[in-house]
Amino acid sequence: MIHLPLAHLLSEPVGVSHYVMVGAVLFTCGVLCMATKRNALGVLMGIELVLNGANLNFIAFGSHVLRNDVNSLGLDGQLMAMFVIVLAAAEAAVLLAIALNFYNNHNSIDVDRADELLG
Amino acid sequence: MESIYWPTFFFWLFSLISCSFAVGVLLASNIVRMAFYLVLSLASIAGLFFLAGADFVGAMQIMIYVGGTLVLLIFGVMLTSQERFIEMKTPSGEWVIAFFIGASLLGLLFQVAQGVPAWQGMDRLEAEAIAVEKTATPIGMGLLGVRVDKLDETDKSRQAGMSGYLLIFEIVSVHLLVVLIGAAYLARAKRKQNRENLASVT
Amino acid sequence: MPRGLLVVTNWKKWQWLRWFEEKPKVARFLLELTLFDTYICPWPWLAYTIAGLVHVALILNLVAVSALVFIWLERKISGRIQDRLGPTRVGGKFGWLQTLADGLKLLTKEDLMPATADGFLFRIAPYVCFCASIAAFIAIPFAGGPYPWIAQHLNTGVFFVLAVLGLEVFGVILAGYASASKWSLFGAMREAAQVVSYEVPLGMCVVVPVLIAGSMDMVVIGDRQAGWFTNWLVFHDPFTFITACVFFTCAMASVNRAPFDLAEAESELVAGFHTEYSGIRWSFFFMAEYGSMFSVSILAAILFFGGWHGPVPITSLLGVGGEVGTLGWGLAQALGLANVLFKGVIGVCLMIWVRWTLPRLRIDQVMTVCLKYCTPIAAVMFLGATFWHYNLPSKNFFGLTDVPAEVYEISEGWERVAGESQNSGNTELVAAGEHARISSLSDQVLLENASLENALLENASLENVGGRR
């Protein structure tokens, strides 16, 4: 009898750790985005990815589908994720205004051009 | 051999889409393509939210993140690009460093995620027995300060978490108002000074 | 030998399969590879797939066929409004096959792409638009009751539909950007500004029916309006009446119909965001536009105009209906489906009428209408409707009639079952199950208030919420 590894993988429910791993991938991509992009808006997208990775963890720890014990965050996880989403929207609006200002001052959105403080 | 557990199948589908497009955001150099990949990644994360039973937050993710934030972002992209299809290359040396840092960070996080036994998946029969919970009303009541999902809590130490989120909700609303005014002011003040500059851009 | 292969009845026709009898391992491997699933019973897999495909096919056909009909309808109505005949020849009497002929013509056209365009985004943009337009239909119910006709019954249906409808702008922006043309870019920028602005009053208008029905579930909202047309939420109070008007205006703006079609203003921008498109890709934009017109019309019908309940409750007057699965139930549901579709078509016709009557606004006028008129009006109407519903919770039709006792309620699980009201303590809030019948709405409101007060009193020790009361 041949067991396909893929079929076995698909027949069992996923747990919190799977969600945490997906969140980790998103978080790492976001951090690297923030570090390597020279475009200010690319940095902003990196921040969004990091926040989403964190959100995924909140949802996973609060989900009753993935983990049904007393230590589950319950509804708090979802409420936290909601606040993160709302604050991320606010943060994006402010960052966009800053980027527009930056563009007006430097005629570019390359963050490496903001080096006046070097003197 | 058991049959496919469909939530698992869709979990892998959505997680593959979101992770691969997140990597796409990292590797792309064209800013609008990055935004497009980000939209797909965030939309499939909303799918993961739905799978985890958080349908209200999932819909909110689509509405605010994908609908609102990214349209704003694209506004910014279009207002600030000097030439079409703007690209800014990252030096290859930075890519090498980023690869090593990212790989070690990812390895560490994966190890932690695998390390806790309670975080592994439930038994299939147990998982299939869980009833679908509707979350919209409890979330709304929680924002009003009443935790209808924790009314039968007897443990005194856990009752501290029952106070609800009314205060935080108010703070967030005031914060949003401040951000609205602040962002409008930031974007408007400069436009007055450089009107001829901006006129040549748009 | 796996059972899945032995099921084949006409064995002679499948002689070549005997090769697998000698190699059972290969056979099993291939079966697992192709089906992913069990050789014990492949049918759940098949059933899920077929059910999914049926849903997809129904929704796709609804959007495509409705686009076909609406384009013909638009040409006929615009012709009549301008004292012309419109199409008369193709397909016999009324030119009713005109759209099909147009579609065939578009299929045979060359698919052009500007040399400087961003190829990947240019190709994918029409499909992004079309997918967003179709995805909204997933959560829209076409008939209600305890077993509604809906592809995916979502607890947060209205919210989901609004969110997905907002995604359509993304395809438009991609198209405008990727075309490498100034006209397209201008059109896309206008569309982005317009849609982002109009989502605010649209959301505020949607909150009003949600508030009155007490749920974001569209099935619950629709079934709140059962009975005569006096129960429709548009006639609930003066505020909801104005809210319905504002909702329709904002919906028209958010799907980019004239007089708000700034994104494709042909007198200023050639053709706006689809200037560079041709052939079948161009027609995908149009299918998306008509699809989202239809979906916002159905949304308005369900939120304000009774949904699947006609102006006269024919089914309950004639006694049609009954248990789920019986013929009478099927007839009643089919009548509900006809109601929803008919109201949706009326909404689309209204949009066509407005388009060919009113001149196009300027972009600053569009923004003024949204931010200076629609948003404040919607906010005031929201407050007014809240006030009205708080003071007259069990009245319909401008406070003149009572909410009928048999109004169907699908419980969210937190309301109490009527009759268990005198219990004390935490057990008061029992999960009422999927379909709890609440004897009357006023009773339910009282019960909800009582349980809310109990919950608040329990929190009084925390001095956080209790103190504020």
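Predicted, not measured: the structure shown is a model, and the values here were computed from it. Every chain is numbered from 1 and lettered A, B, ... according to where its sequence line falls, protein lines coming before strand lines.
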Winner by heavy-atom pair count (cut-off under 4.5 Å) against chain C, out of Gly58(B), Ala46(B), Ala59(B)
Ala59(B)
Is it true that a side-chain atom of Ser181(C) and a backbone atom of Trp183(C) form a donor plus acceptor pair closer than 3.5 Å?
yes
For Val161(C), which atoms come within 4.5 Å of any heavy atom of chain B: side chain, backbone, both, or neither?
neither
For Phe160(C), is it the side chain, the backbone, both, or neither that has a heavy atom closer than 4.5 Å to a heavy atom of chain B?
both
Residues, nucleotides or ligands: over 12 heavy atoms within 6.0 Å of Tyr127(C) OH:
yes
Distance-minimising heavy-atom pair for Ser184(C) and Ser179(C)
OG-CB, 3.5 Å
Are any non-hydrogen side-chain atoms of Phe50(B) and Phe10(B) less than 4.5 angstrom apart?
no
When only pairs under 4.5 Å are counted, which of Leu162(C), Thr156(C), Leu165(C) shares the most heavy-atom pairs with chain B?
Thr156(C)
